[in-house]
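This report refers to the structure that appears directly beneath it.
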Amino acid sequence: MFKTNLRFTWRNLLKNKTYSAINIIGLAVSLAACILLLLWVQDELSFDRFHSNSNNIYRLAASFKQEGKDNVWSGTPAPVATFARKELPEVANTCRVTDNWSISLLEYKGKKYFNNRCGLADATFFTMFNFPLVKGNARQPFTDDRSVILSETTAKKFFGEEDPIGKILNADDKNAYHVTGVMKDMPFNSSIRYDIIFDFTVLKRDYTGNDYWKSLDEDWGNYNYSTFLLLAPGADSKKVGQKLANIHRRNQDGEFTKNLTYIPLPLSKVHLYTPEGKDDGITIVKVFIIVAAIILLIACINYVNLVTARAIKRAKEISLRKIIGANKGGLFWQFLHEALMIFLIAMLVATALIYLVMPLYNEIAGKRIVFNPLQGNVLLVYGITLLATMLLAGIYPALSLSSFKPLEAMKGKLSGLGSKVAFRKVLVVVQFSFSIMLIVGTIIIGNQLKYIRQKNLGYNKENLLYFGMRNITEHYDAAKAELLKQPGVVAVTASGADIMNAWSSTGDADWDGKTAAQQTFVINQISAERNFLDVMNLQIVQGKGFSGTPADSTNYLLNETAIKVMSIKDPVGKRFTFHDKKGVIAGVVKDFHFQNLHRQIEPAIIYFSPWRWRMYVKTTAKDASKAVAAVEKIWKQYNPDYPLEYQFLDDAFDTNYRSDIRVGKLFNCFAIITILISCLGLFGLVTYTAETRIKEIGVRKVLGASVPGIVSMLSKDFLKLVGISIVIAFPVAWWALSKMLESYPYRTAISWWVFALAGFITLAIALVTISFQAIKAALANPVKSLRSE
Amino acid sequence: MIKITDLEKVYRTEEVETVALNKLSIEVKEGEFVAIMGPSGCGKSTLLNILGLLDDPDAGSFIFNKIEVANFNERKRADLRKHNIGFVFQSFNLIDELTVFENVELPLIYTGVKSADRKKRVEEVLDKVQIMHRRNHYPQQLSGGQQQRVAVARAVVNKPKLILADEPTGNLDSHNGNEVMELMTELNEQGTTIVMVTHSEHDARYSHRIIRMLDGQTVTENILV
Ligand SMILES: Nc1ncnc2c1ncn2[C@@H]1O[C@H](COP(=O)(O)OP(=O)(O)OP(=O)(O)O)[C@@H](O)[C@H]1O
Ligand SMILES: [Mg+2]
């Protein structure tokens with residue numbers, strides 16, 4: 001039985017080549033798209049889940065309530081971990097992790113390497129997390145605080161085949177570090193990713209005991225460290241956070257910590273949620289799951305539509321089989337076989353497709369997904385899609401096709417699904433509604449990206465290059481003078497911040513009339529040279545700005561938002577104390593975007609200070625290369641040991657939005673695929689309609705119908721359906737996209753033309769699809785269709 | 001009205017070449033009722049299709065109303081056809097999705113007759129073929145004879161000069177067949193030229209002249225009147 005079915009199915013597929021091709025190609029492309037999307041989703045969801053403790057590890061975020069607005073930092077002070085372990089029994093283990101900024105160059109026997117990802121971590125790092133050591137002792141990875149653990153790749157880079165253990169690396173912080181272990185390279189789906197791990201306790205050496213903060217374990221003011229807690233199973237993470245906040249208050253009293261809470265975020269959420277646990281990247285994961293489901297649904301609709309449309313042609317065959325004696329069950333299995341066979345072939349084609357596009361996909365998505373169809377999780381994705389398609393598209397038609405009433409079907413009348421033209425119409429409307437929503441989505445997302453890129457940042461980002469100065473810092477004036485003499489250099493300035501990513505903030509600010517509620521006021525600090533505002537084209541809206549006199553060291557410039565939050569009237573000339581230095585507000589700077597546009601502009605201060613490490617060189621479009629050459633020359637002079645790493649501001653800007661652009665691109669790709677698949681389905685449906693109406697078309701032509709008349713007769717119905725889809729899709733798309741755009745504080749407007757364009761595109765695509773078949777049918781010689789009786 | 005000379009039609013498929021019409025010459029005068037007979041496959045339908053401007057000949061001349069139409073293009077043929085020729089087929093070829101009324105109305109729509117006129121004319125012919133009471137039924141709801149009467153009504157609604165009928169009684173019993181034949185005779189008497197293909201000697205006797213064909217050629221002609 002199975003074999004006969006198989007043979008029959010195969011013959012059927014070959015006999016109806018267009019039908020089979022449309023079905024298989026449509027399904028294969030959709031399955032491929034769906035699987036690619038789910039692989040992406042799976043990769044995103046797999047982040048940090050490879051730790052066997054991942055369910056019990058939390059990262060602490062520090063949250064300050066400030067006039068109803070939450071201020072959340074993903075770091076905590078260092079002592080939090082120490083107290084947590086000492087005082088809270090439910091905390092089984094802790095580990096502090098942070099970037100090691102003080103080291104950027106490491107040298108071994110004359111071989112120098114820059115840009116290793118260097119991290120600092122507590123000794124618990126290798127037991128609490130699953131970062132296995134190839135060499136060394138995971139329980140005691142560091143023998144002293146100058147120990148380092150290298151990744152396999154890094155070790156190989158430095159030492160080749162030699163045994164790394166005990167080797168000495170010289171760092172540019174003038175210290176020598178010795179290797180005590182080698183770890184496996186950290187996987188790509190890890191939020192914590194370093195090449196080299198230094199001992200966290202080395203930070204203790206930065207404290208002399210004479211400053212305000214006496215030691216690392218008493219420094220409650222520096223929120224630079226990621227604190228991970230391993231909680232005992234069943235522990236209430238929220239309570240742990242509250243207890244830690246109380247401990248913090250006990251050690252550092254005052255207004256600032258009054259509203260402090262610690263929020264433990266599960267490690268598995270670190271990648272996709274904000275530090276406090278709100279949706280972040282997970283939104284896109286959800287969107288992509290929905291898109292995958294839509295694609296699968298549309299593919300299934302295509303299948304159901306084609307199969308049932310074809311049922312009209314097969315009615316005779318099916319009825320004959322019934323009259324001869326086939327029972328319902330047998331027929332049901334035959335149709336299911338057919339579906340299964342088509343799906344399996346489609347799956348093979350899809351696998352080949354995925355293999356083909358995987359490198360490109362990884363590049364667009366910025367991922368390193370290795371596709372192996374036999375891997376457990378890939379098989380799972382396959383299984384899910386197969387099950388879904390079989391349920392959605394296999395069983396339903398099989399059931400309804402096998403329940404024809406044979407005598408009626410013999411006469412060309414259909415009972416059951418095949419007869420329900422309305423049902424097919426609904427399906428077409430569903431798939432086109434989705435397609436239109438995706439088109440609208442594509443345009444809006446594109447618009448939003450464009451909006452962000454074209455947004456006036458409040459400063460000039462054209463023809464500006466910048467770089468970290470290193471040793472130039474000490475010879476800034478000489479280097480600047482030298483640079484200004486070079487062709488192509490228009491102006492030079494310096495700052496302690498990256499103007500696009502200024503993240504340094506402090507609560508150490510005071511002014512007359514600061515209220516109790518304003519005690520938690522936090523301000524972003526940007527140290528700068530006097531000419532910084534001029535060179536960057538930052539606008540002063542009140543006051544004069546820096547004066548050029550020594551008084552500038554206490555002349556503070558605040559942005560509009562800061563003034564508003566502090567609620568100071570007539571701010572210019574008012575007293576302002578910053579880091580305990582009394583001064584005055586010398587000017588108000590028009591708000592500018594010193595962080596990415598996903599964030600609202602916050603209070604910021606620009607202050608004159610020699611603490612500057614980033615040089616900004618202004619040039620012209622024409623002479624940019626000359627300016628680069630000049631900078632390189634100066635660089636070699638002061639930093640012979642380091643490579644120059646400069647970036648143009650506008651490139652840096654694009655880098656900031658790389659992941660937005662990526663998501664945008666992915667969304668585009670999948671939206672296009674969805675629309676193509678919908679059209680393929682429409683194409684198939686029109687083909688079948690034309691075929692089933694071939695006699696009618698013949699008769700009409702004999703009676704004098706013109707070719708355009710026939711084409712419009714065939715197209716009208718379908719275009720009407722597309723029209724209905726548009727009416728359904730627009731409000732839904734409008735609602736969904738307004739919702740999505742809400743996550744951007746600075747966003748494009750959803751204007752009517754987007755909908756007009758989407759409607760036009762859809763109609764045009766549908767029209768082309770339909771008319772292709774309709775014209776073919778209309779041009780056919782009626783004699784042929786009429787003689788075949 | 002129709003004069004064809006040395007008409008040839010050859011069907012070519014991958015393996016075989018079928019000469020459907022072989023230097024066929026026929027003349028049909030205005031007002032005539034001609035029957036064409038012959039064994040299956042001798043080319044009767046092919047001839048009728050060419051006469052009806054549905055198909056074009058490979059060679060020969062075809063003069064219709066004093067105009068050479070053998071090499072007319074598709075659009076010209078369609079135009080000539082819809083104003084001058086009505087068709088009746090063995091298998092009725094009514095459109096299942098349209099009612100009796102709508103089926104008959106169709107040719108008028110295609111020739112651009114106004115809606116009010118259409119209604120009048122359709123009712124006229126439906127009356128004539130005595131199917132008026134069934135005007136809102138669908139084809140499947142009618143008997144074969146009734147369906148063919150509708151088809152005849154549709155063929156004549158445009159008042160064509162020529163009606164081409166391919167075995168109009170082929171699917172009907174003798175009673176229904178006779179009804180259709182009488183209808184045709186009546187139309188002929190009112191001035192419509194009719195060319196009819198048939199296998200039935202009985203039906204052929206309704207005509208004025210029988211043309212007998214064999215292998216794409218005429219063999220004999222019997223004049224009955
Ligand atoms: N489209 C076609 N392709 C190939 N051969 C064809 C085609 N149409 C007709 N023929 C061949 O041409 C010959 C004449 O066919 P035609 O249909 O005119 O016969 P007929 O006299 O009407 O027969 P019947 O009485 O059975 O209707 C036949 O041999 C037929 O097989
Ligand atoms: Mg015939």
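Both backbone and side-chain heavy atoms feed into the values below; hydrogens, waters and symmetry mates do not. Throughout, protein chains are lettered first and strands after them, A, B, ... in sequence-line order, and every chain is numbered starting at 1.
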Considering only heavy atoms from C-beta outward, does the side chain of A:Glu696 approach that of B:Leu94 to under 4.5 Å?
-> no
State the NZ-NZ distance between B:Lys82 and A:Lys701, to the nearest 0.5 angstrom.
-> 12.0 Å
Report the option among B:Asp79, B:Ile95, B:Ile109 that has the most heavy-atom pairs separated by less than 4.5 Å from atoms of chain A.
-> B:Ile95
Calculate, to the nearest 0.5 Å, the distance between atoms CZ and CG belonging to B:Arg154 and A:Leu703 respectively.
-> 4.5 Å
Is it true that a side-chain atom of A:Arg700 and a backbone atom of B:Leu106 form a donor plus acceptor pair closer than 3.5 Å?
-> no
Above 12 or not: heavy atoms from other molecules or residues under 6.0 Å from CG of B:Asp215?
-> no
B:Glu123 atom CD, neighbour heavy-atom count above 12 within 6.0 Å | yes
Is the count of non-hydrogen atoms from other residues, nucleotides or ligands lying under 6.0 Å from A:Phe772 atom CZ greater than 12?
-> no
B:Arg75 versus chain A, heavy atoms under 4.5 Å apart: side chain, backbone, both or neither?
-> neither
Answer whether the closest heavy-atom distance between the side chains of A:Val702 and B:Phe89 falls below 4.5 Å.
-> yes
What heavy-atom pair brings A:Ala705 and B:Tyr110 nearest, and what distance separates the two atoms?
-> CB-CZ, 3.2 Å
